[in-house]
Amino acid sequence: MTDSNIGGFVWYDLLTSDPDGAASYYAHVIGWNAQSWENGYTMFASEQGPISGTTRLTDEAREMGAPPHWTSNVGVADVDATVAQVEKLGGRIIAAATDYPKVGRL
């Protein structure tokens, strides 16, 4: 990650019950190209390159009442240090930091 990405939004994900429908919709409305990735994930790309993605909302999330929704990722210099700071300040971590090959640490 470059210093210019720190503190800025760097990626967006759509968690939905219909990833294929979402891919078709955004291709038609915005012109994004859908590209299959790994583990059922679909990446959206614009003329500038990959910008977003979509995957199926998990059964666990739906059972907890989560509707289809967009999430966003903010660039930080050190994911683990940021997680520690969030916890120190009283924040709750919902999912542990994880390494994604070819992507980075989220």
Side-chain angles (χ1 to χ4, degrees):
M1 173 164 313
T2 65
D3 287 342
S4 65
N5 296 109
I6 295 173
F9 291 101
V10 296
W11 194 259
Y12 306 91
D13 283 307
L14 173 61
L15 294 105
T16 179
S17 57
D18 186 7
D20 292 335
S24 176
Y25 173 81
Y26 287 105
H28 178 73
V29 173
I30 300 176
W32 288 349
N33 295 312
Q35 302 169 355
S36 292
W37 189 249
E38 300 170 358
N39 300 320
Y41 190 80
T42 299
M43 220 180 329
F44 295 134
S46 69
E47 293 175 0
Q48 294 80 25
I51 55 170
S52 181
T54 187
T55 193
R56 185 165 303 281
L57 184 64
T58 66
D59 291 338
E60 178 184 29
R62 280 197 304 270
E63 289 168 7
M64 293 173 50
H69 61 279
W70 282 94
T71 64
S72 55
N73 294 277
V74 176
V76 297
D78 183 328
V79 171
D80 297 311
T82 301
V83 167
Q85 183 71 7
V86 166
E87 290 176 318
K88 179 181 174 185
L89 295 172
R92 187 175 67 138
I93 304 305
I94 296 170
T98 304
D99 290 316
Y100 291 88
K102 304 179 212 167
V103 175
R105 188 160 178 78
L106 303 175

Can you list every side chain to side chain donor-acceptor pair (under 3.5 Å) pair that touches residues 75-88, not counting sequence neighbours? D80-R105
If you count heavy atoms of other groups shown closer than 6.0 angstrom to OH of Y25, is the number above 12? no
Who clusters with L57? Use side-chain heavy atoms, under 4.5 angstrom, across I, L, V, M, F, W and Y, and order the result by chain and number. L15
If you take all heavy atoms of F44 and A23, which pair is closest and at what distance? CE2-CA, 3.6 Å
Mind checking side chain to side chain contact (heavy atoms under 4.5 Å, CB included) for T98 and listing every partner two or more places apart, or none if nothing turns up? Y100
Just grab all the ring-ring contact (aromatic ring centres under 6.0 Å, His included) pairs involving residues 60-96, residues at least two apart or on different chains. Y26-W70
Determine which pairs satisfy ring-ring contact (aromatic ring centres under 6.0 Å, His included) with at least one residue from residues 72-94, sequence neighbours left out, and list them in order. none
What residue pairs, at least two apart or across chains, pass salt bridge (Lys or Arg N to Asp or Glu O under 4.0 Å) with a residue in residues 6-35? none
Passes side chain to side chain contact (heavy atoms under 4.5 Å, CB included), V74 versus V10? Steps please. CA-CA 6 Å; V74 176; V10 296; over 6 Å; no
Selection residues 44-56 - residue pairs positive for side chain to side chain donor-acceptor pair (under 3.5 Å), sequence neighbours left out: S46-Q48
With sequence neighbours excluded, residues passing side chain to side chain contact (heavy atoms under 4.5 Å, CB included) with E60: T58, M64
Residue pairs, two or more places apart or on separate chains, that pass side chain to side chain donor-acceptor pair (under 3.5 Å) and touch residues 28-40: E38-K102
Quick check: closest heavy atoms across L106 and N73, and the distance to 0.1 Å? CD2-OD1, 4.4 Å
